[in-house]
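Keep in mind that the numbers below use all heavy atoms, side chains included, and drop hydrogens, waters and symmetry copies.
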There are 2 protein chains.
Amino acid sequence: MNRVREFRKALHLSQLALANEIGVARQTVNLIENAKYNPSLDLCISLAQALHTDLNTLFWPPTLAAAKEDEQDG
Amino acid sequence: MNRVREFRKALHLSQLALANEIGVARQTVNLIENAKYNPSLDLCISLAQALHTDLNTLFWPPTLAAAKEDEQDG
DNA sequence: ACGCCTTGTCATATATAATTGACATTCCCC
DNA sequence: GGGGAATGTCAATTATATATGACAAGGCGT
């Protein structure tokens, strides 16, 4: 899963409003929020910008984030 | 541009070796390094894992990273 | 000089992301 | 209890990511 819906709602945007802002169809936002497919990098970046966040926050799996911290902490 | 080539070389991997590791064709890695197209999110995550880094490091545009810092710093 | 590995690139084919239009359902407001 | 906005979802189409096979060029060791 990803955190698109969470960040979209925090900005009080509908799926349609967000889709218009980044120039895609409403269905595209819906499918991404429900993890029905695999969006392109450009689209992920547009989403992150529109939602005032970044790629890791929206899409980096928490399990991997934890693994990476272990790596750093030793 | 992105930092895939930089991280791949740091691990002394060929395009072919990296492609095999993440289960895609060599051409796919080549095209991504040369920014010839727009990879999928799953592929970006696989790349980030294989290169022991994360999405922001590989793909987040420096201009956006700077903008986000401004936002935080005030 | 030869061979091997690496990289860039082409052309064709297949899988899938993304669009468009539509319909049903739920929720909220009047 | 009727009307609109928001969401989930379907079918069909278009755009494009990715695979496969192949070839040329440069680097490096022998």
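With sequence neighbours excluded, the residues forming a side-chain contact (heavy atoms from CB on, under 4.5 Å) with B/Ala17 are B/Leu13, B/Ser14, listed by chain and number. For A/Leu31, the side-chain contact (heavy atoms from CB on, under 4.5 Å) partners two or more places apart in sequence, or in a different chain, are A/Lys36, A/Tyr37. Residues satisfying the side chain to side chain donor-acceptor pair (under 3.5 Å) test with B/Asn2, not counting sequence neighbours, are none. Taking A/Ser40 as the reference, B/Asn38 meet the side chain to side chain donor-acceptor pair (under 3.5 Å) condition, with sequence neighbours excluded. Scanning for side-chain contact (heavy atoms from CB on, under 4.5 Å) contacts around B/Lys9 gives B/Arg5, with sequence neighbours left out. By the side chain to side chain donor-acceptor pair (under 3.5 Å) test, B/Glu6 is found to be paired with B/Arg3, residues two or more places apart in sequence or in another chain being considered. Applying the side chain to side chain donor-acceptor pair (under 3.5 Å) test to A/Arg26 and every residue at least two apart in sequence or in another chain returns nothing. For A/Ala25, the side-chain contact (heavy atoms from CB on, under 4.5 Å) criterion is met by A/Gln27, A/Thr28, not counting sequence neighbours.
Between B/Arg8 and C/dT7, a side-chain N or O to OP1/OP2 separation shorter than 4.0 Å is present.
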Within the 4.0 Å limit for protein heavy atoms, which parts of nucleotides 12-28 of chain D are touched? Write it as a string from 5' to 3', B for base, S for sugar-phosphate only, - for none.
-----SBSBBB------

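For the pair A/Asn30 CG and C/dA17 C1', the interatomic distance rounds to 15 Å; values are reported in whole Å. Rounded to whole Å, the distance from CG on B/Asn20 to C1' on C/dT6 is 13 Å. Rounding to whole angstrom units, CG of residue B/Leu18 and C1' of C/dT7 are separated by 14 Å. If you measure from atom CD of B/Gln15 to atom P of C/dT6, you get 10 Å, rounded to the nearest angstrom. Rounded to a whole Å, the CG atom of B/Asp42 is 11 Å from the P atom of C/dT16. A/Leu16 has its CG atom 14 Å from the P atom of C/dG21, to the nearest Å.
For the helix from C/dA1-D/dT30 to C/dC30-D/dG1, the terminal axes (five pairs an end, C1' atoms, rotation from four pairs onto the next four) enclose an angle of 40°, given to 10 degrees.
Contact of the B/Leu55 side chain with the A/Asp54 side chain is not registered, since no non-hydrogen atoms from C-beta on lie closer than 4.5 Å.
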Polar pairs (N or O, both sides) under 3.5 Å between protein and nucleotides 24-30 of chain C?
none

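Taking CG of A/Leu47 as the start and CZ of A/Phe7 as the end, the distance is 12.0 Å to the nearest 0.5 Å. We find the CZ-CG distance between B/Phe59 and B/Asn56 to be 11.0 Å, quoted to the nearest 0.5 Å.
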